[in-house]
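Small disclaimer: the values here were computed from a predicted structure and weren't measured. Here, residue 1 is the first one in the sequence, and each next residue gets the next number.
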Amino acid sequence: MNDEKRGIPDKDIIGMDLRQFLHLTKSVLNVSAVVITNLYCIPTYLLWMWVILLPFRILNHPGYWYLESIMYKWLLNIVATWSWRSKIRLVEMGDDINTCIQDRCLFLVNHQSTGDVPLLMQAFQEKDTVLESVMWIMDRMFRYTNFGAVSVTHGDYFITQGKHVRDYQMKRLRDHLLKVFIGRNRKWIILFPEGGFLSKRLETSVKYATKNNFPVLEHVTLPRIGAMEVILNTLRPDGNLKDIIDNEVALLNGTAEECEPLKWVVDLTVAYPDPQKPVDLLAICASNRPPCSVYLHYRCYPINEVPMDDTESLRNWTYDRWCEKEEMLKEYYMTGTFPHLPVSQRKNGTFDDHIQRSHNVTMEFRQIVFFHTVFISSTLFHCYLLYKVWNYCQY
């Protein structure tokens, strides 16, 4: 059936084709802008850290890592602008994590898509010194992405999954926590305990839960607690952390701040408007999705409320948190309104006033201009230096 028989005027068809063309052109331009940004941000960060400031690392180890943390923060701020530009509105709910900024915290986050990390960067960029002192724990495959060299330099931890390497990986994680996380005075650890994206792990999670009589979840998957258990046992308040540091981490001065243990475990729930198609990294880079709101719900637990004495108690505590995530996500997708508390935690169907908190994450345009100016200027400076070195080598 041709278009005339369908009753679609030719001018409407032309208009539809033009809108599709403009939409595709906009997406291509946005992705190209992200690629160009990577080309002048990542190399200049690596040149500063691996070449120009490397002697300073020998002379002043704490000073080097302070400068690195500032550069890292600026770089993550630029990544955060991608989702901001895509008109993704971040709404924070639950507990106010600004009270935890200066404390060591472990964040437990549900994992839905490749968009989780840049959106968390956007949320954290307005929280004082957080981005410069954060450590991400991620799958080993991300080591080989464009951002992998930056993460390796900063001290993020790449974990290899599998039973055959589990004990070795847990030992490596403990050493990394002492020598890198503590040794470079980091504060926040971001962990995705599910071990993969929801769409890839849901079927396996349901089978495992059914077989072992665990809760069967639909909007999250059962978390793995191996890495979490190592982190808690290594950085626990009653673990004589200072004595361990004095014996194993020679680069520290042993100050009270450096030897501070974990104080909080923060349960962070990420909720996308469409559970079947969460916002991913490509959508963020291309800005090809309609404006939407993504919810970040925080619940802060003092470390002394987290059971650490045996694996089963810790597993049950973590499963309870994930069941609460399931409750909130299920209600959100049924009603369109994200709740302040899981149904099981409410009193007479109402909320406590201090929990009814909602905050829209913002970014300042002048800061965005500043960050890009710094990296573009650094790139030009490095190109000038390389040009001078090349000319010198020609004589």
Side-chain angles (χ1 to χ4, degrees), residues 30-85 114 117-138 140-158 176 179-181 183-190 281 284-285 363-364 366-390:
N30 286 329
V31 172
S32 300
V34 170
V35 172
I36 293 172
T37 301
N38 276 271
L39 290 177
Y40 69 74
C41 286
I42 294 178
T44 199
Y45 166 90
L46 296 176
L47 277 171
W48 278 115
M49 296 301 111
W50 289 7
V51 180
I52 298 176
L53 293 177
L54 191 59
F56 189 59
R57 180 175 179 177
I58 300 173
L59 297 174
N60 189 335
H61 185 269
Y64 171 87
W65 289 116
Y66 172 77
L67 294 176
E68 186 279 331
S69 66
I70 297 299
M71 289 288 292
Y72 183 79
K73 175 183 179 179
W74 292 348
L75 186 56
L76 264 56
N77 268 278
I78 288 180
V79 176
T81 64
W82 301 345
S83 51
W84 173 82
R85 181 200 60 198
T114 52
V117 172
L119 289 176
L120 291 183
M121 291 178 182
Q122 183 186 352
F124 294 161
Q125 53 81 29
E126 66 171 7
K127 292 174 175 53
D128 198 26
T129 60
V130 166
L131 277 186
E132 62 209 61
S133 60
V134 70
M135 187 184 88
W136 306 82
I137 298 181
M138 62 193 83
R140 184 172 177 267
M141 62 174 287
F142 291 103
R143 185 187 185 105
Y144 306 103
T145 64
N146 61 313
F147 212 76
V150 174
S151 293
V152 170
T153 305
H154 180 70
D156 296 328
Y157 184 76
F158 300 91
H176 192 88
K179 297 177 181 179
V180 178
F181 180 73
R184 299 177 188 178
N185 202 22
R186 307 302 188 207
K187 293 292 185 180
W188 285 13
I189 302 174
I190 314 299
L281 184 58
I284 290 174
C285 294
M363 292 194 72
E364 293 188 16
R366 61 182 180 181
Q367 284 189 336
I368 298 173
V369 173
F370 169 76
F371 297 137
H372 281 279
T373 301
V374 168
F375 280 98
I376 292 174
S377 302
S378 294
T379 300
L380 295 175
F381 172 66
H382 292 149
C383 289
Y384 174 77
L385 285 182
L386 292 174
Y387 171 75
K388 286 295 185 180
V389 171
W390 174 261

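- Separation of atoms CZ (Phe158) and CZ (Arg143) is listed at 6.0 Å; rounding is to 0.5 Å.
- Taking both residues in full, the closest heavy atoms of Ser83 and Pro118 are given as OG-O, 4.1 Å, listed atom of the first, atom of the second, then distance.
- Shown here are the side chain to side chain donor-acceptor pair (under 3.5 Å) partners of Asp128, two or more places apart in sequence or in another chain: Gln102.
- In this structure, Gln122 CD and Met363 CE are separated by 6.5 Å, a value rounded to the nearest 0.5 Å.
- Not counting sequence neighbours, the partners of Arg85 by the side chain to side chain donor-acceptor pair (under 3.5 Å) test are Ser287.
- A search for side chain to side chain contact (heavy atoms under 4.5 Å, CB included) contacts involving Val35 returns Val31, Leu39, not counting sequence neighbours.
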Return a table of donor-acceptor pairs under 3.5 angstrom between the side chains of residues 149-157 and protein atoms on other chains or two or more places apart.
{"residue": "Ser151", "atom": "OG", "partner": "Phe147", "partner atom": "O", "Å": "3.4"}
{"residue": "Ser151", "atom": "OG", "partner": "Asp156", "partner atom": "OD2", "Å": "3.2"}
{"residue": "Thr153", "atom": "OG1", "partner": "Trp50", "partner atom": "NE1", "Å": "2.9"}
{"residue": "Thr153", "atom": "OG1", "partner": "Ala149", "partner atom": "O", "Å": "2.8"}
{"residue": "His154", "atom": "ND1", "partner": "Glu68", "partner atom": "OE1", "Å": "3.1"}
{"residue": "His154", "atom": "ND1", "partner": "Glu68", "partner atom": "OE2", "Å": "3.1"}
{"residue": "His154", "atom": "ND1", "partner": "Arg186", "partner atom": "NH2", "Å": "3.4"}
{"residue": "His154", "atom": "NE2", "partner": "Val134", "partner atom": "O", "Å": "2.8"}
{"residue": "Asp156", "atom": "OD1", "partner": "Trp136", "partner atom": "N", "Å": "3.0"}
{"residue": "Asp156", "atom": "OD2", "partner": "Tyr72", "partner atom": "OH", "Å": "3.2"}
{"residue": "Tyr157", "atom": "OH", "partner": "Gln169", "partner atom": "O", "Å": "3.0"}
{"residue": "Tyr157", "atom": "OH", "partner": "Gln169", "partner atom": "OE1", "Å": "3.2"}
{"residue": "Tyr157", "atom": "OH", "partner": "Arg172", "partner atom": "NH1", "Å": "3.1"}
{"residue": "Tyr157", "atom": "OH", "partner": "Leu173", "partner atom": "N", "Å": "3.4"}

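- Residues forming a side chain to side chain contact (heavy atoms under 4.5 Å, CB included) with Leu54 (at least two apart in sequence, or on another chain): Arg57.
- Under the side chain to side chain donor-acceptor pair (under 3.5 Å) criterion, His176 pairs with no residue, sequence neighbours left out.
- Inter-residue side-chain proximity for Phe181 and Ile189 is flagged as met; some heavy-atom pair is nearer than 4.5 Å.
- A search for side chain to side chain donor-acceptor pair (under 3.5 Å) contacts involving Trp84 returns nothing, not counting sequence neighbours.
- Residues Trp48 and Ser378 come closest through the heavy atom pair NE1-OG, 3.3 Å.
- Remark: Asn38 engages Val34, Ile42, Trp82, Asn146 in a side chain to side chain contact (heavy atoms under 4.5 Å, CB included) (not counting sequence neighbours).
- Remark: Phe370 pairs with Trp74 by the ring pair (Phe, Tyr, Trp, His ring centres under 6.0 Å) rule, at least two apart or across chains.
- Applying the side chain to side chain contact (heavy atoms under 4.5 Å, CB included) test to Thr379 and every residue at least two apart in sequence or in another chain returns Tyr40, Thr44, Cys383.
- A distance of 7.5 Å separates SG in Cys41 from CD1 in Ile376, rounded to the nearest 0.5 Å.
- Using a 4.5 Å heavy-atom threshold, the side chains of His372 and Ile78 count as touching.
- Atom CG in Leu47 sits 10.0 Å away from atom CE in Met49 (nearest 0.5 Å).
- Surrounding OH of Tyr66 are at most 12 heavy atoms belonging to other residues, nucleotides or ligands under 6.0 Å away.
- Residue Phe381 holds its CZ atom at 9.0 Å from OH of Tyr384, rounded to the nearest 0.5 Å.
- Looking at heavy atoms from C-beta onward, Leu385 lies in side-chain contact with Ile52 at the 4.5 angstrom threshold.
- Lys73 meets the salt bridge (Lys or Arg N to Asp or Glu O under 4.0 Å) test with Glu132; sequence neighbours excluded.
- The structure places CZ of Phe124 at 10.5 Å from OG of Ser133, a figure rounded to the nearest 0.5 Å.
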